[in-house]
There are 2 protein chains.
Amino acid sequence: MPVTLQDVAREAGVSPATASRALNAPELVAPARREHVRKVAAQLGYRPNRAARELITGRTGNLCLVVPDLENPFFAAVAKGVQARARALGLAVVVADSEEDGHLETELVGRLGAQVDGVVLCSPRMTDEALDEALARDVPLLLVNREHPGAASVVIDNADGVRQAVAHLHALGHRRIAYAGGPAGSWSDARRREGLHRAAASLPGTEVVELGHVAPVFDGGVSVADLVVANAATAVLAHNDLVALGILHRLVARGVRVPDDVSVVGYDDSPAATLVAPALTTVRVPLARLGRDAVDALVNHAPRAARRRTASGETESPAPVRLSVELVVRDSTGVAATAGDA
Amino acid sequence: MPVTLQDVAREAGVSPATASRALNAPELVAPARREHVRKVAAQLGYRPNRAARELITGRTGNLCLVVPDLENPFFAAVAKGVQARARALGLAVVVADSEEDGHLETELVGRLGAQVDGVVLCSPRMTDEALDEALARDVPLLLVNREHPGAASVVIDNADGVRQAVAHLHALGHRRIAYAGGPAGSWSDARRREGLHRAAASLPGTEVVELGHVAPVFDGGVSVADLVVANAATAVLAHNDLVALGILHRLVARGVRVPDDVSVVGYDDSPAATLVAPALTTVRVPLARLGRDAVDALVNHAPRAARRRTASGETESPAPVRLSVELVVRDSTGVAATAGDA
DNA sequence: AGACGTGCTGCAATCGCTTTCATGGCGCCT
DNA sequence: AGGCGCCATGAAAGCGATTGCAGCACGTCT
């Protein structure tokens, strides 16, 4: 039923080889003939059979994207970016949701990786060892939001985002800042924590109160909000907007005024940040660009086994693409309440 | 480099044919041999080449999901459901974002449809004519959130959701209810509108004020919020939660109290509904189930050209799967303000 | 004029797997 | 004991595209 290259060739009065070349390597076939073949193909509605092509070329024209949670606006935005860029390049995207589970993630990469040209692995939850194994397969792998020796990656400047946030809070007079961290084992959380302490250290008199690890969702924020108050912090920095929103919600519910009593800062600037009142001050992450750049990096840079070994025998990582972030000040942060009383 | 069926066959001392059967049609090969082959395959880490299989069987093991906007929590949730169910069935999902554009949607269905076993088309924006054409191709097509003659579909009971919402508002004393409709041409919006008027008609003294078509996003809600007040409605029903949130935001911003002055009802019960204060009263849609059932319906019911013609010559639609919805009452709805003054 | 290069084209092999068909061996029935 | 049929197996034919290689025709250089 579907029209094959053979059909086109026959109809155009050329051999299949010529028909193929007319479409894929135009410079190899005489102009007149080439145009004729193309016209016939168009008119017959010819669509190359991808399976057949893949079988011989080894390329599928598919990319795979693995994310921890499609419903998380952060990943949804990245997915959208990946999607858009891939389409522009004529690639299709196979999406998989790992349900925040490192093992499932590993399995998905293994299963899906075999049938695509490359895998974009977003905020991987898997261990470094599992990552090593995944890299050992011969599928180009690109990490988003995580760095790993030998792996190509696109990341944001986690530490700098925190630095900007802290500088902002410090400027408003906050000296005791709580941090609601991300999931245990989150690479980006570790970077932010690090940046947080460095930033605090460089700002005289600034103390950091770590509130521990929090599930990166609304309820996670709800569950730590009281700790902010209990620790007498005048500001809290959350691992992401969802957590910030949860904190905000709980604070307001118990009568704490934001930003009068406590300032709240999120991270990501997901759409939800402006859904609430007061609108969330947050660190804007170029979500869509993260996705786009991931595809570009994967296509350009990670063609079949990106890791090489240097003469010294060390594993050489391709330099990560690092995207800058920018603090967006909205209504959830304000001048610090006068310390203690008043 | 990758291990092929040939390798397995050679290693196991059987012909490729037998190896193939041992893995795909176990009953056709002697138990001892079968197990041996399977063991060898496992041990060699054999992974069938999908392209080769597809080339001969014509089945790809891929499903395609087309949604208007991946970042919209409604579609994200459906995508997640589709994803999960497909994985359980051993299928991969190719996701495409049509950017709310009917033409792009049509093109995507055409392009991607050719390389998958079936397409789940979610809330299609394309015209009925384009849908007809899409159906004419021989790719099984399943519609979510839209019905169309001759197409299999999974929908929610749009009208009933609105009915429940109206009944709730009516019970609270609201008599003048505004409706912020969905995008022009939205099938579900038409169903809801219809249900709205029917519900209103059955409830004595209830008036409906149509606010027109609204972009199904936060800003869309913001832009019609003032109309609610201007029309002296005491309650407003929005096409979805995002719009409801926008309305809520704007009302609060201009000092209208919710629910004291105006009650707001959303639709979908997306996660965002509980992010705000007051929490949104909304119609809960079984989002994940929508996705799961879509996959099931596609796989079971729409195998290659679901439409048939009855003896009478009419096009026979497979009966749509209709999922029920349920009103979730939260804090954005309350007893109607006494009419006019006081 | 002959040799050689260049530019197009077609033949045929090939990718890895499935599936039809033919074959050989064995058990069972009469 | 012979014949029939069934079961398990292997040989081989593709699925639809790409591509190395060879060949042909023509133009050019010597």
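In what follows, chains are A, B, ... by sequence order, proteins preceding strands, each numbered from 1.
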Report yes or no: does [X] contribute a side-chain atom to a donor-acceptor pair with the main-chain N or O of [Y] at less than 3.5 Å?
X	Y	answer
Thr57(B)	Arg59(B)	yes
Asp117(B)	Gly61(B)	yes
Asn24(A)	Ser20(A)	yes

For nucleotides 11-19 of chain C, give me one character per nucleotide, 5' to 3': B if any protein heavy atom sits under 4.0 Å from the base, S if the only such contacts are to the sugar-phosphate, - if neither.
B--BBBBBB
Please report, rounded to the nearest Å, how far the C1' atom of dG14(D) is from the CD atom of Glu54(B).
16 Å
Return a table of donor-acceptor pairs under 3.5 angstrom between the side chains of residues 85-99 of chain B and protein atoms on other chains or two or more places apart.
from	atom 1	to	atom 2	distance (Å)
Arg85(B)	NE	Asp296(B)	OD1	2.8
Arg85(B)	NE	Asp296(B)	OD2	3.0
Arg85(B)	NH2	Asp296(B)	OD1	3.2
Arg87(B)	NH1	Asp97(A)	O	3.0
Arg87(B)	NH1	Gln83(B)	OE1	3.3
Arg87(B)	NH2	Glu99(A)	OE2	2.9
Asp97(B)	OD1	Glu99(B)	N	2.7
Asp97(B)	OD2	Lys80(A)	NZ	3.3
Asp97(B)	OD2	Leu70(B)	N	2.8
Ser98(B)	OG	Val67(B)	O	3.3
Glu99(B)	OE2	Arg87(A)	NH2	2.9

side-chain contact (heavy atoms from CB on, under 4.5 Å) against Arg38(A), all qualifying residues, sequence neighbours excluded:
Leu23(A), Pro26(A), Arg34(A), Glu35(A)
Qualifying side chain to side chain donor-acceptor pair (under 3.5 Å) pairs, either residue in residues 103-113 of chain B, two or more places apart
Glu107(B)-Arg111(B)
What I'd like to find out is whether the side chain of Leu143(A) reaches to under 4.5 Å of the side chain of Leu131(A), using heavy atoms alone.
yes
In the structure I gave you, are the side-chain heavy atoms of Asp7(B) and Tyr46(B) within less than 4.5 Å of one another anywhere?
no
Find the bend of the helix from dA1(C)-dT30(D) to dT30(C)-dA1(D) as the angle between its two terminal axes (five pairs each), to the nearest 10°.
50°
Does any residue of residues 27-35 of chain A have a heavy atom under 4.0 Å from DNA chain D, and if so, which ones, in number order?
none
Tell me, with the steps shown, if Phe74(A) and Ser123(A) meet side chain to side chain contact (heavy atoms under 4.5 Å, CB included).
CA-CA 10 Å; Phe74(A) 178 88; Ser123(A) 304; 4.2 Å; yes
Lys/Arg-Asp/Glu bridge criterion (N-O < 4.0 Å) met for Asp293(A), Arg322(A)
no
